[in-house]
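Accompanying notes for the structure given below.
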Amino acid sequence: QQQVKQSPQSLIVQKGGISIINCAYENTAFDYFPWYQQFPGKGPALLIAIRPDVSEKKEGRFTISFNKSAKQFSLHIMDSQPGDSATYFCAATLISSGSARQLTFGSGTQLTVLP
Amino acid sequence: DAGVTQSPTHLIKTRGQHVTLRCSPISGHKSVSWYQQVLGQGPQFIFQYYEKEERGRGNFPDRFSARQFPNYSSELNVNALLLGDSALYLCASSRQGMNTEAFFGQGTRLTVV
């Protein structure tokens with residue numbers, strides 16, 4: 001059962017434009033929502049993350065918007081650059097029986113920023 | 001500081017064989033998790049280990065097993081390989097407690113032929 005749904009599957013934007021990627025989750029026990037960026041041949045790297053008690057978090061050109069009632073969150077990339085071209089994954093964590101956490105990932109969005 | 005290191009980087013195996021993948025976490029990190037990333041999909045959780053104990057298991061068959069050593073490095077073992085096991089296997093390490101940031105290695109690309 002897919003617990004985190006991500007859209008769109010692919011996205012093409014012009015340099016300087018805004019890239020928007022959306023995710024929806026089902027499990028209300030999730031308590032941490034990170035976004036990862038992955039370049040070809042590399043492992044995912046944490047980009048930005050948010051907790052459900054916050055509606056928005058901004059770090060540089062990257063902003064997460066979080067809607068707890070709708071169980072949705074989104075990533076906005078302002079002033080998109082060709083170097084932002086990568087695959088982006090949303091994720092959510094569930095408190096496990098241990099002290100560390102397990103990530104449930106969305107299916108990914110391949111972003112292409114045209115020069 | 002060195003990041004998460006995984007070995008080997010690439011591996012080709014034949015159906016029915018066994019494979020062992022290795023992971024060294026970031027120094028000071030005591031938790032290691034394993035993920036399988038099939039081409040075009042998001043990573044799927046396989047195992048989590050903390051302080052050498054299994055703390056979580058994803059929806060994978062018993063052919064998959066793992067362990068964590070006293071130095072916190074970890075091995076992922078897959079028996080009776082199937083073509084569908086072809087994927088990028090990712091290891092992630094994290095500190096204990098409320099810090100939930102997971103740092104991923106570059107992965108091991110496993111191809112089963």
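Every chain is numbered from 1, with letters handed out A, B, ... down the list of sequences.
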(request) Can you establish whether the number of heavy atoms outside B:D62 located under 6.0 Å from its atom CG is more than 12? (result) no
Between the CD atom in B:Q106 and the CZ atom in A:F39, the distance rounded to the nearest 0.5 Å is 13.0 Å
Got more than 12 heavy atoms from elsewhere within 6.0 Å of CZ, B:R15?
no
OG (B:S94) and CG (A:L103) are apart, to the nearest 0.5 Å, by 8.5 Å
Within the supplied structure, the quantity of interest is the number of heavy atoms (other residues, nucleotides, ligands) at a distance under 6.0 Å from B:K13 NZ; does it exceed 12? yes
| said: Determine whether a donor-acceptor pair (N or O, by modelled atom type, separation under 3.5 Å) exists between the side chain of A:Y36 and the backbone of B:F104. | reply: no
Okay, A:Q38 and chain B: the region with an atom under 4.5 Å from a heavy atom over there is side chain
Tightest non-hydrogen contact, residues B:Q37 and A:F89, listed as NE2-CZ, 3.3 Å
*asked:* Within the 4.5 Å heavy-atom criterion, are B:L90 and A:P44 side-chain neighbours or not?
replied: yes
*Residue A:Q110 excluded, over 12 heavy atoms near CD under 6.0 Å*: no
Would a hydrophobic clustering, with Ile, Leu, Val, Met, Phe, Trp and Tyr connected at side-chain separations under 4.5 Å, put A:L111 with A:I20? no
**Asked** Is B:L83 atom CG crowded by more than 12 heavy atoms from other residues, nucleotides or ligands, each under 6.0 Å away?
**Response** yes
Ranking B:G40, B:G42, B:G58 by heavy-atom pairs under 4.5 Å to chain A gives rank one to B:G42
